[in-house]
Amino acid sequence: MAADAAELERRVMAAVKASAARGDPPLLQAAEAARCAREAAASGSASCGLALAEALVANLCFAHNTGSMWKLLDQAMSSRLVHPLHTLALLTPRVVPNRRQQPEAYRLYLELLGRYAVAPVYPERMERKSMLAKSIDDAMQLANRYGCQHLDFGHAVILFVLSLVEMLIDCILDDCGLLNISTHEHGNIYTKNMDFGGEGPHDSGDEHREHLRRKNILMSIEVVEKATANKIAQVFLRLVYLNTPENFNYLLRKLQLIGALESKNVLPAYNLLDSLTMNIQNVISTRYQLDRSRLLGVLLSTQPCSSSVFSIFGAGKGSCWVPFDMFMENAMDGRHLHAISSVEFLTELSKTLQVLNRATWQETFQALWISGLRLVQRGPEALEGPFPHLYSRLCMLLAIIPLSVATIVKEEVDKLDGGMVSAIKEELVSSLQILVQFSGLLSPPPATVHFANTAARKAAIVLSNLKSGNENLYGYSKDSSAIKAGNMLHLIVEACIARNLIDTSAYFWPGYVVPLEASSQAQESPWSSLTEGSPLVELKDALMVTPASSVAELEKLYSFAVSGSEEEKLAASKVLCGASLLRGWNIQEHVVQIVLKLLSSFLPLDSGSDGRYVQHMPMLHALISGISSVDAVHILSMYGLVPEVAAMLMPLCEIFGSLPPSDHRSCNFEKASVYSVFSSAFLSLLRLWKFHRPPIENALSRHGVFVRSELSLDFLLLLRNSRSALKNLSNVSKSSIFQLDPSLQKPVYIDSFPKLRAWYFQNQACIASTLSTVYNRPNVLHVANNILKIICHKVPKDGILSVNPQSTSNSSMGSSPPPGVPEDMCQWPTLPAWDVLEAIPFVLEAVLTACAHGRLSSRDLITGLRDLADFLPASLAAIVSYFSAEITRGIWKPVMLNGTDWPSPAATLPVVESEINEVLAKAGVNINISSRPRSVMPMLPLPIAALISLSITVKMEEFSHLHGIIGQGIEICATSSSWPSMQIIGALWSQKVRRWHDFIILACSQSPFTRDNTAVSQLIRSCFTSFLGPLVDGRSCYVANRGVADLLGKTLDERARLVVAPGFLYMRSCRLFPDNNFVCEEILKVVIERARALANDCSSERPGHLRSDCMPLSAASSLVEQISSLAATMLCHAGGLNLIRLLYEHILPTLLLSAGEDKLGSAGHVCSLFEGYALAYVLLWSGASIWGVGETSPAYASIYTSKRQRIVDRHLEFMAKVMEGNIVLGCGETTWRSYVLCFVGLLVDFVPAWILEVKLETLQKLASGLRKWHKGDLALSLLERGGNKAVTSVVESLLGYAGAQFSE
């Protein structure tokens, strides 16, 4: 090969010399050289152009280093006889190291470099491009320098350009006498100093060459500035920045050295150096600016809007933070538990809104604090009932939000350089300091005044001790006193200090500390007495109502729980689940972890360890009861620990459900016993998943997919095991609070608990269908008959009930019982709880059938069910599950609530119905809640009547344990039945618990939305009206009082009568909507109506005298973002991930494809533009709110983000097919173009990480369609963000025929 190359070089030079002798111009000389190369290539595999370039460069450097040869090479490059990029790659390693010996050659090389560095390359076959890439790589050693195993054409070109820019900068630094101190592995090998051939006095020629060398330095600056100013070169460098940022960072370091040269006057003040820096900054600036004025094409003023304009048209930026408020309010719904931590979700939502709102972190943190403060102010203190109260709202403000902020700050600090670390901390401090401007929100609710005063007192004492020189800064001096000026800011600051987000320098903020007043000395905390050695048992009552203030105090208490006496263990368990769990916001995550760590200390279960569990039964009972309250379960849910708690309760249910009870008396929840511990654990476990959901919940939507995403036991275990696997692999879940011992991280499967598994499948079978009349387990039937005889003891002997329909008329109990079943039928059987639970469905079927046929009175039915619940409270789960399933079958006749056989609601029903109508009307919903005709006497289907009557008999002291089972069972019965029953249930309950009246009215007000789409539609429209203002004659009507306060309300108890804001009612009802597809379509209809109204407000097609009040484009575009943020948030909370998937894959494509009188694009040109613009924003906001804008935590990604790639790719594929003409649209062309351009622009601008996940073929089709619309810039930006797979496509699109339009 070397001989062939030498022969080609000889022949080429001979042809060139012959042509020159004939007087041919350089172009003809180059043609003669090319002819020789073609003849040589005909007999080999080498490319003609590649071989010719190698021959010319080999002769030029430096055997025939003449001006004519350089002209010949220039002509060969310009006429594409040789490839410019390949030729430059061959010249660089030969010329640059010899630039001092050959300054003339170096200058000519710089001229060629400036002319051809990013020259267009004519399209060639793929094998030619591969050969070209390999030749460039071989010449420049790019793969070795940049750590690549294989370079395709695209990567070879962009790395070649990067290498040239780096090489020129290195030459400048080296020639100016500044050593290249860069230590990276690809330091340029072409910039080493080369000694001259000999010493001696310099003649005039040497002086000329030295002058030329100095001029070459300036020319190098000009060339590199010109190259980096070229749009094509900037795109190439941007591809390096986006795909291999570590390589680009080396270039940035070299630029810093260039700046040092200028500052030290090594180089003259040269504007080109500043231009070079600006060029590189343009490379880094990857944001694609969506030109709204060009996109919308509306003839209106596009000047910046003044603040007065924004206030007139209501386009303030603050409203785009409404997802924060709606998420926090949704998290307060204690009926629905969450599979993922609110910390994780709020962290991802904060990062998403920070990007979508183009906000700083200060603005984002400020919005978080304000939303949390609004949440607390909405807390219904005067509203009593079994739901999460004010402390859960304070948990969000003082624990969840600070933990989310801490996660964000840590992530940002990890990404930033050392000098930038303090910047985000300063933004956090500024966001806190600015809260003093919101004095109305900082006013503490009455229940928190003491905590706010304590926080303010702490700061005052620290400053007082500093002034007095007291070394104990936090100690209470004799004259330290209680101040009464604390507010919510003091609590927020203490929560941030506790998590090391800020330090105690916050105490020196202006106006933060109020001078101490003369008053009594502050009372010492009982926790201080405990740490000083006081007995725990004596302090138990005080510790239960006083939250701990430090982790050290918790660790002291934990030591009692682990190694103390039995009495101390019991006391420690109760204290841990007391005020510290509910109100210890500054250390609440540590309290939660210690409680579950203590509960997990009983795991794993060992064979033959029953005695151990019986011995620790009081402590277990205290722990399980402590975490079973409404507030405690809700707090555990907010911390995302539902799967872990379920996995801990399952073995406890298995072991205690297999133990026989110690006596036959009724179970008392307050005392520890086998049945009470089992019932507490079992009912707590069932509350964590929707065990009683009837088959209607699994109904398919019209698209054949599930529309609900409820927690199930299988899903909880799968989620728990996947989290454990992530934690075992590495510490990837940075925001994870709960860390168990590694030995307890092994997977948990339901098959490990045979008794629980048997009940689980039996329960599913009972829900799916009626009980089988043939049951081959006589033991279970015998137990059921035994229970029937006890609970129906008042029934005459000749009418005794039986669970066996084929039995004799006398009794099925005539035969002797199977072995192991007690003979004495006069008392409750001493059987394990699992055996009793297995028999209960047969008992329920028998008594309900008997009552329906008049063989059992309603009073005896309820009394018997109550006796059964008293004997084994866990049986309530089976009762609720069975009745919930039966009501969906529609086979039970209604019973009259006459006050004799069944309780009568007649006394309160008119009042309840009137108040429900009033609440709905004030929320903007005007319907008749009693739509079906009803007799004078109220009626309910038998299962509902039985369940509500049973619930009325529950003692209030037991209701905190049972409400999670009974309350939701009644709700699902009422919503699953076609009979209008919720108002009747509310009337009955309001008679029992009058102080819960407002809570009952609020709960009943949600029932119309479970079956009436008209009510759902009115509620959706009312939400938009309260947030944005009404529409009048197709135009927006802006009012002063609107926004989040009108959408979600201020407080629920600020007036004498219950007033519920439409947004609040939507958040409480949206999971109960019967058809989420209807919800999505209705929200999109409202969005389109609002978009058309904005178009009318902006349109210049008005009469001349009305154009002065046209809305500016900036205000209109901001309002589109507000509309979209509200619509997207409503969609996400109504249907979650599944509904967003339907929106991308079915609902929105169907809307675009639909034709008709009211189709999209039928309302005029301007309206069509705004329609597409608004729909694109809704789609992006919806997806980003669920999936996030970029990389998310593993726990979050496993549930949400992992679905993003397929869904986005499918939607973009749909768009590409329409643009190719393979799908015919039904909407107008203007709407379609506006939608596509806006959505793709938003993808490029806000969520480039989504584009990385899209298939290259889809991106290429979409980019091709955009070019046909003359949107080449947008097409290029789309491909740029396609990742490594799209690099070659970008390069080819720029270096082909179309590349000329980008060059300058």
Side-chain angles (χ1 to χ4, degrees), residues 383-386 848 851-852 854 856-866 883-884 886-887 890 892-922 925-956 959 963 966-967 969-1012 1015 1056-1058 1060:
L383 199 62
E384 292 191 42
L848 206 61
C851 184
L856 183 67
S857 68
S858 59
R859 189 178 299 275
D860 290 338
L861 170 65
I862 302 305
T863 302
L865 294 178
R866 180 65 221 184
F883 285 172
S884 300
E886 288 301 309
I887 197 61
W892 300 96
K893 294 181 179 181
V895 296
M896 291 187 178
L897 306 181
N898 52 19
T900 303
D901 298 320
W902 299 95
S904 173
T908 55
L909 183 57
V911 176
V912 168
E913 288 184 338
S914 174
E915 293 188 7
I916 293 174
N917 282 323
E918 184 179 350
V919 168
L920 292 175
K922 289 183 177 179
V925 180
N926 297 289
I927 60 169
N928 180 15
I929 63 171
S930 301
S931 56
R932 289 187 58 178
R934 190 173 60 219
S935 59
V936 176
M937 187 170 294
M939 303 172 67
L940 283 177
L942 178 58
I944 301 182
L947 189 58
I948 186 63
S949 300
L950 175 62
S951 68
I952 291 175
T953 66
V954 175
K955 300 176 182 177
M956 293 311 299
F959 202 82
H963 173 262
I966 293 181
I970 294 174
E971 176 187 313
I972 199 63
C973 282
T975 56
S976 300
S977 171
S978 59
W979 196 274
S981 53
M982 199 63 196
Q983 57 269 30
I984 299 176
I985 294 173
L988 291 171
W989 260 101
S990 63
Q991 293 175 7
K992 174 180 173 61
V993 194
R994 296 186 182 278
R995 66 178 185 273
W996 286 6
H997 181 79
D998 285 350
F999 164 74
I1000 293 169
I1001 296 299
L1002 179 60
C1004 293
S1005 300
Q1006 302 164 27
S1007 62
F1009 306 107
T1010 62
R1011 61 174 61 89
D1012 189 350
R1057 302 298 297 272
L1058 182 66
V1060 180

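With rounding to the nearest 0.5 Å, the separation of CE in Met939 from CD1 in Ile984 is 9.5 Å. To the nearest 0.5 Å, atoms CG (Leu897) and CG (Leu940) are separated by 4.5 Å. One distance of note links OG of Ser981 with CD1 of Ile887; it measures 7.5 Å at 0.5 Å rounding. The line from CG of Leu861 to CZ of Arg866 is 13.5 Å long, rounded to the nearest 0.5 Å. Distance CD1/Ile1000 to NZ/Lys992: 10.5 Å, rounded to 0.5 Å. In this structure, CG on Leu920 lies 10.0 Å from CD on Gln1006, to the nearest 0.5 angstrom.
Across every non-hydrogen atom of Ala945 and Val895, the tightest pair is CB-CG2, 3.6 Å. Here the closest heavy-atom approach between residue Ala946 and residue Ile862 is recorded as O-CD1, 3.5 Å. Looking at every heavy atom in both residues, Gln983 comes nearest to Ile916 through CB-CD1, 4.0 Å. Nearest heavy-atom pair, Ile948 versus Ser951, reported as atom, atom and distance to 0.1 Å: O-OG, 2.7 Å. Looking at every heavy atom in both residues, Cys1004 comes nearest to Ser1007 through O-OG, 2.8 Å. Between Thr900 and Arg859, the shortest heavy-atom distance links the atoms O-NH2, 3.5 Å.
In this view, Ser857 and Asp860 satisfy the side chain to side chain donor-acceptor pair (under 3.5 Å) rule, not counting sequence neighbours.
Within the 4.5 Å cutoff, the side chain of Leu909 has heavy atoms near those of the Pro938 side chain. For the pair Trp902 and Leu942, the minimum side-chain heavy-atom distance is below 4.5 Å. Here the side chains of Val925 and Pro1008 are not in contact, with every heavy-atom distance at 4.5 Å or above. Considering only heavy atoms from C-beta on, Trp989 stays 4.5 Å or farther from Val912 through its side chain. Side-chain contact between Leu848 and Phe883 is present, with heavy atoms from C-beta onward closer than 4.5 Å.
For the pair Ser990 (side chain) and His997 (backbone), a donor-acceptor distance under 3.5 Å is absent. Checking side-chain atoms of Ser1005 against main-chain N and O of Ile1001 turns up a donor-acceptor pair under 3.5 Å. In terms of modelled atom types and a separation under 3.5 Å, the side chain of Ser858 and the main chain of Asp901 share a donor-acceptor contact.
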